[in-house]
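Note that the structure is predicted; figures quoted are calculated from it, not measured.
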Amino acid sequence: MTWLRDHFVDVLSLAGQHAYLAGVPLVLGLLIALPLGWLASRNKVLYPFLIMGTGLLYTIPSLALFIMLPLLLPFKILDPNNVLVAMTIYTVALLVRTVADGLGAVPDAVNQSATAMGYKRLRRFMSVELPLAVPVISAGLRVAAVSNVSIVSVATLIGVSQLGSLFTDGFSRAFLDPIIVGVVACVLLALLFDVAILLVTRLVTPWQRAGSPAA
Amino acid sequence: MIRFDAVSKQFPDGTKAVDELTLEAPTGKITVLVGPSGCGKTTSLRMINRMITPTDGRIWIDDQDTAEMDEAQLRRGIGYVIQHAGLFPHRTIVANIATVPMLLGWGRRKAESRALELLERVGLPASYAKRYPAQLSGGQQQRVGVARALAADPPIMLMDEPFSAVDPIVREQLQDEFLRLQGDLGKTIVFVTHDIEEAIKLGDQIAVLRGSGNLAQLSDPAQLLAHPVDDFVADFVGKDRGYRALSFQQSPQFPLSRESSVPLGATPEQAAAAARDGWVLVLDADRRPLGWIEPDRITAPVRSEMLARGGTVATAGGPLRNALDAALSSPSRRGVIVDDQGALLGTVRAYEVLAEIEERARPELDEADLERAGLRPVEETPE
């Protein structure tokens, strides 16, 4: 593993780039999925359209999306923003259903008592519905995080460098070391995202770990 | 005062949940809406805080039309308690109780100290403040639900089957405490239940509804038991009406018989010497009755396990129903009457209670009911 020792700084910077390209869309995607999911959970007619519609986005092959976006957006072909947008689309695809189902699982009695106590709609959403949906949304977010880390590596093919660049590099030179390092780094990064989401979730849901009635 | 003025509710699918309901819930009293499922009682309740919008008619709170009030403002002034309490699972007990004060902008410290005060008021230890709802039993959650509804001291409380989901023993405790609380607070309460016993126990005024919010009868519990207006109400109110009505009649000062008694540990001879008609009452150190014993049938000093415990005990001046039941349930046929501390005063026989009951006049129909039934008032006969 002398290769890693020699290229450690490069690998680290690629990993940083990778984390940026996978992580920022996670946040943006969540912000977009929240209102869409809320709409789907409130409206029985819209629900299937929103869930199916956004879900279908995930079936667009990533390479096709990466190539297509520069044609639709005011970004140059090598601009990493294209990747950010594409990854955001995938995140939205995964999260709308999760958000809708998480909000839908908030007990009716809880929503009703919130309304009856004089919560207005937005405040009820922010301080009652959303906190209660966090465990479900967080589960979806973890899936999306791993999926993003894996899909981002394809962006190498449109010239945006990140850990995926190690694969093409190794492949073109028939040299195994960068490929192995790339795979391990991807796995570690996915793990890092997962643990981070898990920790934040635990931090904001202390009520989830409260036991049953004291004997 | 809450006033329904020809209020109707028709749902989009055409079902009429409530049809021209006119009703007044007086200030400081408990008005119970009772009826079979689908009678529109919950719909009626929810129209008060506009969780449901009436299709027709008006609901007034004092002299304000609720339809013209700001929705959130209206709701923050009305306490609301529902069947499974509907507590916020993600908030601690103290935060749950402080909800409305926080919405009203009281500030955290004031809201929390108020919440702690209420926690105590509904009979929960202060150590529960930082727990989450899932850590409490159903009955405890329901107490928190009541505390939360009371937090901002609203003049009005709406309660939708608040005690239905807990077991019968806890339910009775909650009902008793609720009555005690209401005795102190004097809120204007509208209470929905399908349980006529609960209605009779809690209501100052009972509105019996039949299908689609049709008001079958509106009266106080004693009137409802004595004079159901029709077969539907009579059926719904159920059996044993005469007996149940005795709950609303106070016992007089009965001429009590002195009852001799023995303590636990008395010998068979001592017990036999104190016995009357084969039975003697056993008391604890504070002269509270423990049970009856037949001295002829014991061979050793009196122990707790030997006692016949079937007899109920009535408090002097309490409802006639309790006095009659004490006599009927007593193995010696002598009904035990105690003072407020539970100490023995004496005994009374069933025929003595019955004689008192026969003396009394049945509750008379009120004027409106007389007119509807086409009857003339009973003439007062001079003594």
Side-chain angles (χ1 to χ4, degrees), chain A residues 34 38 41-46 98-99 101-141 197-215, chain B residues 42 45-46 48-52 70-93 95-104 125 127-128 130-141 144-145 148-149 151-152 154 157-160 162 165:
Chain A
L34 280 176
W38 177 79
S41 77
R42 304 272 308 181
N43 192 319
K44 281 197 189 74
V45 183
L46 281 179
T98 314
V99 171
D101 293 352
L103 292 173
V106 175
D108 204 35
V110 171
N111 272 330
Q112 283 201 10
S113 58
T115 307
M117 279 186 291
Y119 272 99
K120 293 184 179 162
R121 191 166 278 190
L122 182 67
R123 188 153 177 194
R124 186 182 95 176
F125 177 77
M126 294 307 286
S127 52
V128 178
E129 292 177 84
L130 195 54
L132 286 175
V134 162
V136 177
I137 294 176
S138 146
L141 209 54
I197 295 169
L198 206 62
L199 281 179
V200 172
T201 305
R202 282 180 68 99
L203 212 65
V204 299
T205 58
W207 51 282
Q208 281 263 299
R209 288 181 305 288
S212 33
Chain B
T42 294
L45 185 82
R46 290 178 166 190
I48 299 172
N49 63 354
R50 289 177 52 197
M51 300 277 285
I52 294 175
D70 174 72
E71 219 171 49
Q73 225 50 39
L74 168 76
R75 290 175 184 155
R76 289 172 196 174
I78 299 179
Y80 189 71
V81 189
I82 54 177
Q83 196 176 95
H84 291 281
L87 300 181
F88 300 137
H90 63 301
R91 295 218 187 127
T92 58
I93 298 306
N96 260 286
I97 301 176
T99 302
V100 181
M102 289 298 283
L103 282 172
L104 290 170
S127 62
Y128 280 29
K130 290 293 165 199
R131 295 193 185 181
Y132 288 97
Q135 295 169 297
L136 269 56
S137 70
Q140 290 168 338
Q141 289 188 30
V144 176
R148 184 173 68 171
M157 297 257 282
L158 306 181
M159 308 181 81
D160 191 357

**Report entry** Region of B:H84 that comes under 4.5 Å of a non-hydrogen atom in chain A
**Finding:** neither

**Report entry** From CD (B:Q73) to NZ (A:K120), nearest 0.5 Å
**Finding:** 6.5 Å

Report task. Tell me, for B:R148 versus chain A, whether the close heavy atoms (under 4.5 Å) come from the side chain, the backbone, both or neither. Result -> side chain

Query raised in the report: Where do A:A109 and B:I82 come nearest, in terms of heavy atoms and distance?
Result: O-CD1, 3.6 Å

Requested in this report: Dump the intermediate steps for side-chain contact (heavy atoms from CB on, under 4.5 Å) on B:R75 and A:T115, then the final yes or no.
Outcome: CA-CA 8 Å; B:R75 290 175 184 155; A:T115 307; 3.3 Å; yes

Query raised in the report: Of the listed residues (B:L103, B:D70, B:L104, B:N49), which shares the most heavy-atom pairs with chain A below a 4.5 Å separation?
Result: B:L103

Query - Closest-packed option against chain B by number of heavy-atom pairs under 4.5 Å, given A:S127, A:A116, A:S113, A:P206 - result: A:A116

Report task. Return the minimal non-hydrogen interatomic distance between B:A72 and A:G118, and the atom names on each side. Result -> CB-O, 3.7 Å

Report summary line: Applying a strict 4.5 Å limit to non-hydrogen atoms, the region of B:L87 in contact with chain A is backbone

Query raised in the report: Tell me, side chain or backbone of A:Q208 under 4.5 Å from chain B's heavy atoms, or both, or neither?
Result: neither

Query - Residues forming a side chain to side chain donor-acceptor pair (under 3.5 Å) with B:R91, sequence neighbours excluded - result: A:Y119

Query raised in the report: Who are the salt bridge (charged side-chain N to carboxylate O under 4.0 Å, His left out) partners of B:R46, not counting sequence neighbours?
Result: none

